[in-house]
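By convention in this document, chain letters (A, B, ...) are assigned in the order of the sequence lines, proteins followed by strands, and residues within each chain are numbered from 1. None of these values were measured; they are calculated from a predicted model. Atoms considered below: every heavy atom in the structure, side chains included; atoms not considered: hydrogens, waters and symmetry mates.
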Amino acid sequence: MIQVKLPDGTVKEYSENSTAIDVAQSIGERLANAVVAAEVDGTVCDAFRPMKEISGSSELSLRLLTDRDAEALGVMRHSCAHIMARAVMRLWPGIQLAFGPTLPHGFYYDFGLEHTISEDDFPKIEEEMKKIIKEEEPFERFSLDRSEAVSFVNEMDQHSKAEHIETGLADHGQLSFYRQGEFVDLCRGPHIPNAGKVKAFKLLSIAGSYWKGDTGSKPLQRLYGTAFFSKKDLKKYLEQIEEAKRRDHRVLGKKLGLFQINPEVGQGLCLWLPKGATIRAVLEDFIKVELTRLGYQPVYSPHIGRVELYETSGHFPYYRDSQFAPLFSHDAGQLVDFWVRKLEEESLSAEDEEIFFKSSRVMNCDFEFPPGASREEKIEILKAWEHKNERYLLKPMNCPHHAEMYKAMPRSYRDLPVRLAEFGTVYRHEQTGELNGMLRVRGLTQDDAHIFCTPEQVEEEFRITLDLVKFILAAVGLDNFRVQLSLREPGSDKYVGSEENWERAENSLRKVLSDSGMPFSECEGEAAFYGPKADFMVSDCIGREWQLGTVQLDYNLPERFKLEYTGSDNQPHRPVMIHRAPFGSMERFTGMLIEHFAGAFPLWLAPEQIRVLPVSDKTLDYANEVAAELRKNGFRISVDTRSSKVNAKIRDAQLELIPYMFIVGPKEAEQTAVAVRDRIDGDLGPMPLADAIAKLKQEAEERLVRQVAESSFSGIEGQTEASNEY
RNA sequence: GCUAGCGUAGCUCAAUUGGCAGAGCAUCGGUUUUGUAAACCGAAGGUUGUGGGUUCGAUUCCCACCGCUAGCUCCA
């Protein structure tokens with residue numbers, strides 16, 4: 001017998017092999033039908049599996065999960081992924097199963113298949129899935145030991161699964177499988193009792209992927225879908241996706257004339273149109289005031305720098321693939337650069353080298369190879385030539401420039417921390433497929449700064465910086481964020497700096513984050529190679545997380561640039577560098593904000609804050625007087641001088657999401673008043689112009705955020721990347 | 001870069017099963033002088049992303065390229 005404790009505290013006895021469904025049965029037939037999964041001793045599991053097997057004890061606690069429990073949704077979605085794979089297998093035999101995990105809003109399944117699935121195939125697949133669901137066949141679980149499992153999956157021709165058992169699951173003695181009809185899959189589970197529990201589902205999209213994410217391995221097809229316990233929930237979800245599309249920053253950016261990314265200008269190169277540029281300028285002014293308050297000093301650096309600068313910092317050639325190609329002042333620069341790389345790769349034939357050499361002569365190069373020169377000697381000669389000629393890189397980051405500025409004068413411990421700030425524009429040659437509106441671009445401006453401090457000051461500087469990021473996010477009402485503390489990967493040698501420094505840095509960051517009370521998670525292996533970092537992950541309206549602000553510790557660059565300060569002991573010491581960017585980049589931050597506000601910016605950020613609407617041409621003169629007064633008070637405004645009806649002018653201003661309209665006619669002109677219309681609350685009635693100005697001035701100065709479009713997805717809870725697979 | 005899909009007027013979208021490319025909004029010109037979400041009349045706007053091919057004929061079918069979108073990989 002086993003003792004089962006239920007959530008209400010009652011304890012009941014059941015026979016040895018009882019399942020959660022048996023327990024539900026003993027309570028009532030309807031409950032037994034409603035059970036989707038179970039939670040035994042806090043672990044979500046199959047409702048049809050003997051509870052003792054899960055708990056390992058004869059005394060256990062049980063929670064029955066029905067369609068009202070969030071945990072049940074993830075279980076059902078994973079079962080739906082199996083059903084989808086089964087349907088695809090029926091339609092196109094020979095499918096190679098890979099992985100099929102649950103996602104926050106759905107699921108996917110990766111598989112290899114000769115036939116290329118397109119969206120036209122979705123109805124067919126969905127039809128087959130419906131058939132499977134209608135049959136309500138049960139899911140069954142069984143385990144095999146390692147050797148049995150390998151031969152079992154090989155018998156089924158699922159060789160990827162066999163490989164996974166050998167590699168990824170090397171430490172598992174027993175492997176579990178789930179069978180549903182003719183479909184069997186290596187899977188950790190849990191699953192729903194039978195396919196009939198899936199009440200509403202939809203295939204969403206198809207994409208390419210790779211076995212275990214390795215681009216060098218075999219390509220797979222990834223089929224995305226989602227499932228819910230009711231048709232209503234599914235419909236709601238699909239409507240929310242539509243809503244998310246409507247507030248897409250690319251759509252709004254075009255409609256509101258904020259920015260443009262124009263193929264004629266170049267991929268990923270953002271053109272800030274006047275209205276978008278205004279928002280950016282306001283944000284920059286806002287942050288500049290804070291930086292001055294915190295003792296930062298402004299600096300400027302050019303958009304290009306010598307390649308040698310980045311060789312010193314270590315960014316070249318390490319990040320060569322994601323940088324724009326160097327600019328060479330000598331015609332043969334490109335040739336020699338390529339030549340060196342071919343020699344380094346040892347992939348240059350004698351004939352090709354002869355062509356290179358002839359070409360270099362044509363291009364007036366002055367180097368010679370001594371007879372019988374070795375590969376190394378040739379590289380040395382070519383590199384010496386390169387160093388003699390100018391090579392520039394479009395600035396991929398600002399740090400090396402700031403490091404040089406630190407070195408511009410001798411530093412004493414009394415001067416530290418030195419905080420150098422710059423809105424620095426950098427260029428990165430991101431892969432074409434990575435580009436995404438303003439959120440991922442090739443030319444971006446970081447609200448960058450580097451703090452040079454003593455090791456003892458790190459903690460305090462980190463704390464101040466965290467507060468700054470928090471303050472700035474709060475100012476725009478972005479409060480849906482978490483901090484990710486990125487640490488070393490234990491045992492890896494890809495990091496620079498001493499063990500002691502890393503230990504100290506990681507502990508400092510952890511301590512400050514704990515003290516701050518901010519929610520944070522630790523992530524091993526995500527650190528930069530030069531130090532640990534804290535990244536602000538902010539959620540957008542379609543549940544995507546974007547890394548905005550970042551604070552990073554760096555022990556590497558001070559070393560490479562030989563930065564020093566004189567300590568109180570009159571000895572040279574090495575400072576620590578803190579890289580930080582509260583917005584991340586102006587592009588990404590503004591893009592996020594457009595979606596966050598769904599284009600309806602608060603008064604302090606709105607590109608056009610007030611529009612003056614004369615009722616007719618007869619009050620144009622007064623409208624212009626009002627406009628002059630508003631401009632004098634620093635507002636960004638315009639006057640709608642068209643000869644159309646007030647209704648039309650209001651409609652246009654409303655659609656352009658302008659926070660306030662001042663409507664003026666003969667009545668207002670007589671009393672130096674304005675009829676105020678609020679974008680949110682509508683007509684506020686007439687008030688003296690001076691009062692209206694005072695009211696809006698206050699609202700702008702307080703940076704009041706009155707309206708934040710609700711996040712569409714806030715209502716839907718899902719597991720974050722639950723991996724039901726092994 | 002990879003996989004799949006898409007590309008028609010400034011914008012949103014029609015149409016052509018291969019046979020003169022069409023509407024609304026925006027724009028421009030006129031009429032209208034207007035009170036809290038769309039006044040009326042008219043005009044203009046296109047080598048259907050680019051380049052090839054098949055065809056009597058291609059915007060439609062085929063190929064390549066460019067760009068966009070979703071996802072993968074990447075993000076100092």
inquiry  = For Arg560(A), is the CZ atom crowded, meaning more than 12 foreign heavy atoms sit under 6.0 Å from it?
reply    = yes
Between Arg222(A) (side chain only) and Ser209(A) (backbone N and O only), is there a donor and an acceptor less than 3.5 Å apart? no
Problem - Nearest-angstrom distance, C1' atom, rA23(B) to rA9(B) - result: 11 Å
Distance between P atoms of rC66(B) and rC28(B) (Å, rounded): 38 Å
*asked:* Between the base of rG67(B) and the side chain of Glu264(A), is there a donor and acceptor pair under 3.5 angstrom?
replied: no
Rounded to whole Å, the CG-P distance (Asp652(A) to rA37(B)) equals 13 Å
Original post:
With a non-hydrogen cut-off below 4.0 angstrom, is Glu668(A) in contact with a base, only sugar-phosphate, or nothing?
Top reply: base
| message | Heavy atoms only, 4.0 Å cut-off, all strands: where does Glu656(A) land among base, sugar-phosphate and nothing? | response | nothing
Heavy-atom nearest nucleotide on RNA chain B taken for Ala528(A) and for Ile650(A); more 5' hit belongs to Ile650(A)
Parallel, tilted or perpendicular: which one describes the rings of His249(A) and Phe259(A), with boundaries at 30° and 60°? parallel
For this session: Could you work out the separation of rU32(B) and rA38(B) based on their C1' atoms and round it to a whole Å?
Result: 15 Å
- Message: Base, sugar-phosphate or nothing for Lys667(A)? Non-hydrogen atoms, less than 4.0 Å.
- Response: base
Practice prompt. Scan Ser644(A) against the nucleic acid and name what it touches under 4.0 Å (heavy atoms): base, sugar-phosphate only, or nothing.
Written response: base
Distance, P atom - from rU50(B) to rG7(B), rounded to whole angstrom = 14 Å
Check your understanding: At under 4.0 Å, does any side-chain N or O of Thr432(A) touch on OP1 or OP2 of rG1(B)?
Key -> yes
Say we look at rA44(B) and rC25(B): how far apart would their C1' atoms be, to the nearest angstrom? 15 Å
Practice item. Determine the interatomic distance between P on rC2(B) and the same-named atom on rC61(B); round to the nearest Å. Key: 25 Å
Between rC40(B) and rU48(B), how far apart are the P atoms? Round to whole Å, please. 33 Å
Which of rC75(B), rA76(B), rC72(B) is nearest the side chain of Ser322(A)? It is rA76(B)
Considering only heavy atoms and no angle criterion, is a donor-acceptor pair shorter than 3.5 Å present between the side chain of Ser205(A) and the base of rA4(B)? no
Only residue of His450(A), His402(A), Gln446(A) satisfying side-chain hydrogen bond (donor to acceptor under 3.5 Å, both in side chains) with His579(A) is His450(A)
Which of rG35(B), rG1(B), rG71(B) is nearest the side chain of Tyr224(A)? It is rG71(B)
Checklist entry - Which is true for Ser209(A) with a 4.0 Å heavy-atom rule: it touches a base, it touches only sugar-phosphate, or it touches nothing? => result sugar-phosphate
Requested in this report: Considering just the side-chain nitrogens and oxygens of Arg250(A), establish if one lies under 4.0 Å of OP1 or OP2 belonging to rU69(B).
Outcome: yes
Value for CZ (Arg250(A)) from CG (Leu258(A)), rounded to nearest 0.5 Å, stands at 14.5 Å
_When the P atoms of rU47(B) and rG5(B) are compared, how many Å lie between them, rounded to an integer?_
28 Å
Taking rG67(B), rA37(B), rA76(B) as options, the one with an atom nearest any side-chain atom of Tyr530(A) is rA76(B)
Contact under 4.0 Å: Gln267(A) side-chain N or O vs rC68(B) OP1/OP2 = yes
Walking RNA chain B from its 5' end, the first of Tyr427(A) and Ala207(A) to be reached, judged by nearest nucleotide, is Ala207(A)
note: Asp617(A), atom CG; rU33(B), atom P; distance rounded to Å ~ 10 Å
**Prompt:** According to a strict under-4.0 Å criterion, is Asn556(A) in side-chain N/O contact with OP1 or OP2 of rA76(B)?
**Reply:** no
Base, sugar-phosphate or nothing for Val615(A)? Non-hydrogen atoms, less than 4.0 Å. base
Under the 3.5 Å rule, do the base of rU36(B) and the side chain of Asn647(A) count as making a donor-acceptor pair? no
- If we ignore angles and hydrogens, is there a donor and acceptor under 3.5 Å between the side chains of Thr432(A) and Gln267(A)? no
### Task
Might you confirm whether atom CZ of Phe324(A) has over 12 heavy atoms from other residues, nucleotides or ligands at distances under 6.0 Å?
yes
